[in-house]
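Worksheet: one structure, shown below.
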Amino acid sequence: MEKTKDWWKKSVVYQIYPKSFNDTNGDGIGDIQGIIEKLDYLKNLGVDVIWLSPIYDSPQEDNGYDIRNYKSIFEQYGTMEDFDQLLIEMHQRDLKLVMDLVVNHTSDEHYWFVESKRSKENPYRDYYIWCDGKGNGEPLNNWGSIFSGSAWQYDEETKQYYLHLFATKQPDLNWENPKLRADIYEMMKFWLDKGIDGFRMDVINFISKDPLFPDGEVREGQLYGDGGPYFVNGPRIHEFLKEMNREVISHYNVMTVGEMPGASPEETKIYTNPENKELNMVFTFEHMNLDCENGDKWDLKPIDLVELKKNFEKWQTSLYEVGWNSLYWSNHDQPRIVSRFGNDQEYRVKSAKMLATCLHMMQGTPYIYQGEEIGMTNVHFETLDDYRDIELLNMYKEKTSLGWSHERIMEAIYTKGRDNARTPIQWDDSDNGGFTTGTPWIKVNPRYKKVNAKEALDDPNSIYYYYQRLIQLRKNNEIITTGKFELILQNDNNIFAYKRIGEKETLLVLCNFSSQSIELHDKEILASINNATILISNEEDKKVRSFLAPYESVVYSIK
């Protein structure tokens, strides 16, 4: 398959969360054959790349982000033969496959860790981060796990603690060890030699830790210290990424995206500047952390549109002609965007289209999360027993101990819980949304009767076909890839407006984030739209007007 250099700049990526995508054998869990079955649906949408969340062998403590064996497939997803067939079928349709690379940690059932635990002298001991406690029964420092509780777990056998920034069953790898790094690079080559087209690298900027392991600040309302300053963008991170690029990535024409919580635009410029030979792009988290207080995702506050716009402006302008942006609203770790920043009731279809327009007209590589293209919404399960996410369940215990009421915690779960994104895809209005003939591993969102892919495919005005048109516009209009970004109406609390400026054309993007009609008073905008062509709009009449209807989005081409 022909691949030009920087092919990923013109690409649109679709993320599949295999467990919830499509189940073909009735066990209630999505599988690789289920993905193969839906490839034509994805090709028809127009996407170029599929990012597959982990399909490796795993105990599934964290839905596959706890890997037991990097070179085998989780048995409920299928076999290596199924994977090889998937890759062939994708490449036949000119679809590219990006795998999830999870190398900050493994499962505690991985062979390396099983050996590492045996004794302090074991050759694999140094593959993980072990250390003595303080001698008073406490670990080396006060860091908290991202999944609640201490980030350290005591091992009775060897009388030491191991570090786990996530679940206790996800011990952190020790990247200071060159043997470990060599084994990881060898594993990456195994998949690249099969013909995959790149890696999405899970929390890759966590792999270098401050060797002194100092205590973190204990923020108000928290039980543990914030270790972030000592493991996010750590002292050797650039050295490790350059080595990975030199030893592995540079030998293949592939795409790399690093998931990097806590990376600023200035740091991202370094990570994504082609001259530095590290990564093609990163996932920023800044815009996803604006609807919470004090960095605590569960402490809710309404989104401030002015703040959101300024954040996008910062990333769009900082990386222009230096690095490259990833554009996303949704993924397996985020709630459904139409419920979060849109209106998932009377304006579900319209606000979903508006949010898509706002994002897809920016510079960068857009990512669509499964179900986003049909406007899937957050779910309100009535009891905690219906939820499956380890982060959410651990948080419930910790917040209860801090005095939060059940009602407050459940409201946080309804708004921000990761299981919002993990309910099965709603393919049609049959039982379980057509996802499975069995009992799904997590309940299907009850809205599947009205919100489903079959309904979307049957309706020419659906969100699905709107995404299809946005994707086609990106392919046909070079200005969307290369044009300069300029934010306008910076302080407007309802309208997100910006220009994309090219040599011979300017695109004007207007998005109403409110349920009110908003008059346009800006004289420059009113003058420019009178002689403009509408490129795309979520309004059926597609007329040039001096106001924006509720959740309207429109893109004007001005020549």
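Every value quoted in this text rests on a predicted model; they were computed, and no experiment measured them. Positions are given from 1 along the sequence.
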Does atom [atom1] of [X] have more than 12 heavy-atom neighbours from other groups under 6.0 Å away?
X: Glu503; atom1: CD; result: no
X: Lys484; atom1: NZ; result: no
X: Lys543; atom1: NZ; result: no
X: Gln92; atom1: CD; result: yes
X: Lys9; atom1: NZ; result: yes
X: Lys454; atom1: NZ; result: no
X: Lys314; atom1: NZ; result: yes
X: Lys277; atom1: NZ; result: no

What distance do [X] atom [atom1] and [Y] atom [atom2] have between them, rounded to the nearest 0.5 Å?
X: Leu241; Y: Ile204; atom1: CG; atom2: CD1; result: 6.0 Å
X: Ser11; Y: Leu95; atom1: OG; atom2: CG; result: 10.5 Å
X: Ser546; Y: Ile525; atom1: OG; atom2: CD1; result: 12.0 Å
X: Leu327; Y: Thr284; atom1: CG; atom2: OG1; result: 11.0 Å
X: Leu526; Y: Phe547; atom1: CG; atom2: CZ; result: 12.5 Å
X: Asp100; Y: Tyr65; atom1: CG; atom2: OH; result: 3.5 Å

Before we go on, tell me: are the rings of [X] and [Y] under 6.0 Å apart, centre to centre?
X: Tyr41; Y: Trp427; answer: yes
X: Phe485; Y: Tyr498; answer: yes
X: Trp51; Y: Phe283; answer: yes

Tell me yes or no: between the side chains of [X] and [Y], is some donor less than 3.5 Å from an acceptor?
X: Ser264; Y: Glu267; value: yes
X: Asp197; Y: Trp8; value: no
X: Gln15; Y: Arg200; value: no
X: Tyr14; Y: Glu373; value: yes
X: Glu372; Y: Trp329; value: no
X: Glu455; Y: Ser462; value: no

With sequence neighbours left out, what residues match [X] under ring pair (Phe, Tyr, Trp, His ring centres under 6.0 Å)?
X: Tyr271; value: His238
X: Tyr448; value: none
X: Tyr414; value: His380

Looking at [X] and [Y], does any basic side-chain N land under 4.0 Å from a carboxylate oxygen?
X: Lys309; Y: Asp304; result: no
X: Lys10; Y: Asp48; result: no
X: Asp333; Y: Lys416; result: no
X: Arg336; Y: Asp344; result: no

Original post:
Do Tyr369 and Tyr328 pass the side chain to side chain contact (heavy atoms under 4.5 Å, CB included) test, and can you show the C-alpha distance, the side-chain angles, and the key distance before you say yes or no?
Top reply: CA-CA 8 Å; Tyr369 179 66; Tyr328 77 94; over 6 Å; no

What heavy-atom pair brings [X] and [Y] nearest, and what distance separates the two atoms?
X: Gly195; Y: His91; result: O-CE1, 3.0 Å
X: Ile368; Y: Val12; result: CD1-CG1, 3.8 Å
X: Val509; Y: Met361; result: CG2-CB, 3.8 Å
X: Val379; Y: Pro446; result: CG2-CD, 4.0 Å
X: Asn205; Y: Met260; result: OD1-CA, 3.1 Å
X: Gly434; Y: Asn22; result: O-OD1, 4.3 Å

Across all chains, not counting sequence neighbours, the salt bridge (charged side-chain N to carboxylate O under 4.0 Å, His left out) partners of Glu524 are Lys499

Taken in chain and number order and not counting sequence neighbours, the residues that satisfy salt bridge (charged side-chain N to carboxylate O under 4.0 Å, His left out) with Glu505 are none

Look at the side chain of [X] and the backbone N and O of [Y], then say whether any donor-acceptor pair between them is shorter than 3.5 Å.
X: Asn538; Y: Ser553; result: yes
X: Ser339; Y: Asn378; result: yes
X: Glu259; Y: Met201; result: no

Any idea how Tyr17 and His332 line up, ring-wise: parallel (<30°), tilted (30 to 60°), or perpendicular (>60°)?
parallel

- Applying side chain to side chain contact (heavy atoms under 4.5 Å, CB included), run through Val254 and Leu192 and close with a yes or a no. CA-CA 9 Å; Val254 294; Leu192 290 164; 3.8 Å; yes

By side chain to side chain contact (heavy atoms under 4.5 Å, CB included), Lys449 pairs with (sequence neighbours left out) Asp429

_Derivation and outcome, ring pair (Phe, Tyr, Trp, His ring centres under 6.0 Å), residues Tyr387 and Phe381_ = CA-CA 7 Å; Tyr387 288 94; Phe381 291 141; 5.1 Å; yes

